[in-house]
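One structure is given here, and the rest of the page talks about it.
In listed order, ligands and their atoms are each counted from 1.
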Amino acid sequence: MKLGRLNHIGVATPSIADSIAFYRDVMGAETVHMPFDLPDQGVKVCFVDTPNTQIELIEPLGEDSPIHGFLAKNPAGGQHHLCYEVPDIHEAKAWFEAKGARVLGEPRIGAHGTLIFFVHPRDMGGVLTEIMESPRDELH
Ligand SMILES: CC[C@H](C(=O)O)C(=O)SCCNC(=O)CCNC(=O)[C@H](O)C(C)(C)COP(=O)(O)OP(=O)(O)OC[C@H]1O[C@@H](n2cnc3c(N)ncnc32)[C@H](O)[C@@H]1OP(=O)(O)O
Ligand SMILES: [Co+2]
């Protein structure tokens, strides 16, 4: 597997509204996309464009949100995960499994509408890592 583009940096927040104001007014973000809910993934999501990647703001959605634990430990929020693109999500899953890393669940549709999976932070140098199938229109 080849290390692909950094698609986004996931930032957990207790309030997407407050974080939007921060990225717009303090960080000077020019493009803040409309927030949307991903009930299957237990998060509300808002993408903030930077020149070379995106910030993915995530707020818990529902009782079973996977980020409740993170926010209990980090009440003000914080850097949550990194997401890299790959051309073939199934090949990438087999790659990480062959390396003995814990892939968390089966590939499922993520916030960009392509298949994603996560690899446990304990097997990734402490970094919760999301692997995302490159959007079809970006594959050359
Ligand atoms: C998919 C939609 C969208 C997209 O981009 O398409 C998203 O990115 S949604 C993002 C939210 N969804 C997820 O994060 C799903 C995958 N995450 C999980 O399954 C859990 O968060 C998990 C298993 C990584 C951790 O679960 P939990 O926090 O409940 O468990 P623990 O508290 O026991 O943590 C175990 C161990 O991991 C450390 N940890 C937890 N979260 C992180 C993190 N974000 N970054 C780094 N390390 C993390 C935690 O400190 C524990 O470490 P230990 O040494 O055992 O104390
Ligand atoms: Co993500």
Side-chain angles (χ1 to χ4, degrees):
M1 192 193 86
K2 187 160 66 71
L3 183 60
R5 177 175 171 266
L6 178 67
N7 179 274
H8 64 264
I9 297 165
V11 173
T13 175
S15 164
I16 271 190
D18 292 350
S19 295
I20 286 172
F22 171 77
Y23 278 93
R24 189 189 55 227
D25 303 338
V26 177
M27 298 304 291
E30 291 177 350
T31 305
V32 178
H33 296 268
M34 188 63 71
F36 58 97
D37 290 350
L38 276 181
D40 291 352
Q41 308 299 335
V43 287
K44 176 186 288 290
V45 178
C46 176
F47 283 107
V48 178
D49 288 357
T50 79
N52 62 336
T53 189
Q54 289 183 308
I55 302 296
E56 180 187 68
L57 299 172
I58 48 176
E59 180 186 305
L61 183 67
E63 295 296 308
D64 300 334
S65 173
I67 63 173
H68 278 310
F70 182 89
L71 286 172
K73 293 180 184 171
N74 309 276
Q79 182 179 319
H80 183 262
H81 64 275
L82 299 182
C83 180
Y84 299 98
E85 292 181 17
V86 295
D88 182 332
I89 194 78
H90 301 293
E91 179 206 16
K93 178 171 181 286
W95 170 272
F96 282 104
E97 286 170 337
K99 299 288 184 189
R102 277 163 287 182
V103 171
L104 299 169
E106 286 303 312
R108 55 205 188 267
I109 296 297
H112 280 305
T114 66
L115 287 173
I116 61 102
F117 63 80
F118 287 87
V119 191
H120 201 286
R122 282 205 207 113
D123 302 323
M124 301 297 285
V127 178
L128 176 58
T129 301
E130 179 181 351
I131 303 297
M132 171 188 145
E133 194 166 40
S134 297
R136 302 316 299 167
D137 55 358
E138 288 173 16
L139 283 180
H140 324 301

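- For atom 44 (N) of ligand 1, the nearest protein heavy atom is under 4.0 Å away.
- Between the side chain of Thr129 and the backbone N or O of Val119, no donor-acceptor pair lies under 3.5 Å.
- Counting protein heavy atoms under 4.0 angstrom from atom 32 (O) of ligand 1 gives one or more.
- The option from Met124, Arg122, His80 that lies nearest to atom 54 (O) of ligand 1, judged by heavy atoms, is Arg122.
- Enclosure of atom CG in Asp25 by more than 12 non-hydrogen atoms of other residues, nucleotides or ligands within 6.0 angstrom is indicated.
- Shortest contact from atom 9 (S) of ligand 1 to any protein heavy atom: Val43 CG2, 4.0 Å.
- Ile116 CD1, 3.6 Å is the protein heavy atom nearest to atom 1 (C) of ligand 1.
- With atom 4 (C) of ligand 1 as the reference point, the heavy atom nearest to it among Glu130, Arg108, His8, Lys44 is part of Glu130.
- Nearest protein heavy-atom contact of atom 17 (N) of ligand 1 is Leu128 CD2, 4.0 Å.
- Judged purely by atom type and a 3.5 angstrom limit, Gln41 has no side-chain atom pairing as donor or acceptor with the backbone of Leu61.
- Taking the six-membered ring where the residue is Trp, Phe47 and His112 present parallel rings, their angle staying beneath 30° rather than reaching 60°.
- Shown in contact with Gly110 at under 4.0 Å from a heavy atom are these atoms of ligand 1, numbered in order with element: 6 (O).
- Here the CZ-CZ distance, from Arg108 to Phe118, works out to 6.0 Å after rounding to the nearest 0.5 Å.
- Looking from atom 3 (C) of ligand 1 to the surrounding protein, the closest heavy atom is Glu56 OE2, 3.5 Å.
- Between Ile20 and Pro35, the closest heavy-atom pair is CD1-CG, 3.8 Å.
- Residue Ala111 has at least one heavy-atom neighbour below 4.0 Å for each of these atoms of ligand 1: 4 (C), 6 (O).
- Below 3.5 Å of separation, one finds no N or O of His120 facing any N or O of ligand 1.
- Here NE2 of His80 is found 12.0 Å from OG1 of Thr13. Values are rounded to the nearest 0.5 Å.
- Nearby protein atoms of type N, O or S around the Co ion (ligand 2) amount to 4 (distance under 2.8 Å).
- From Met132, atom CE reaches atom CZ of Arg5 across 7.5 Å, with rounding to the nearest 0.5 Å.
- Note on Phe22 and Val11: same hydrophobic cluster, where clusters join Ile, Leu, Val, Met, Phe, Trp and Tyr whose side-chain heavy atoms are under 4.5 Å apart, directly or indirectly.
- Each of the following atoms of ligand 1 lies closer than 4.0 Å to a heavy atom of Gly126: 46 (C), 47 (N).
- Under the 4.5 Å side-chain contact rule for hydrophobic residues, Val43 and Ile16 do not share a cluster.
- Annotation: atom 29 (O) of ligand 1 to nearest protein heavy atom, Gly69 CA, 4.7 Å.
- The single protein non-hydrogen atom nearest to atom 22 (C) of ligand 1 is Leu104 CD1, 4.6 Å, given as residue, atom name and distance.
- Distances from ligand 1 to the non-hydrogen atoms of Met132 include no value under 4.0 Å.
- Among all protein heavy atoms, the one lying closest to atom 11 (C) of ligand 1 is Ile67 CG2, 3.7 Å.
- Those atoms of ligand 1 that come under 4.0 Å of a heavy atom in Phe70, given as number and element, are 44 (N).
- Interatomic distance, Ile55 CD1 to Thr50 OG1, rounded to the nearest 0.5 Å: 6.5 Å.
- By the definition of a contact as any protein heavy atom under 4.0 Å away, atom 27 (P) of ligand 1 is not in contact.
- In the hydrophobic clustering of ILVMFWY residues, with side-chain heavy atoms under 4.5 Å counting as a link, Phe96 and Val86 come out together.
- Cluster membership for Phe36 and Ile67, using ILVMFWY side-chain heavy atoms within less than 4.5 angstrom, is shared.
- By the criterion of a heavy-atom distance under 4.0 Å, neither the backbone nor the side chain of His68 is placed next to ligand 1.
- The closest donor-acceptor contact from the side chain of Asn7 to the backbone of Glu85 lies at 3.5 Å or more, if one exists at all.
- Met124 contributes atom CE, which lies 11.5 Å from atom NZ of Lys99 (distance to the nearest 0.5 angstrom).
- Assignment of Pro66 to the shell around ligand 1 is supported, since a heavy atom sits closer than 4.0 Å.
- Atoms of ligand 1 lying under 4.0 Å from any heavy atom of Ile58, numbered from 1 in the order shown and given with element: 10 (C).
- Atom 38 (C) of ligand 1 has Pro121 CG, 4.1 Å as its closest protein atom, hydrogens excluded (heavy atom only).
- Using a 4.0 Å cut-off to heavy atoms of Leu38, the atoms of ligand 1 that qualify are 2 (C).
- In this structure, the separation between CD on Gln79 and CG on Leu128 is 10.5 Å, given to the nearest 0.5 Å.
- Of all atoms in ligand 1, listed by their number and element, those nearer than 4.0 Å to a heavy atom of Lys73 are 32 (O), 49 (C), 50 (O).
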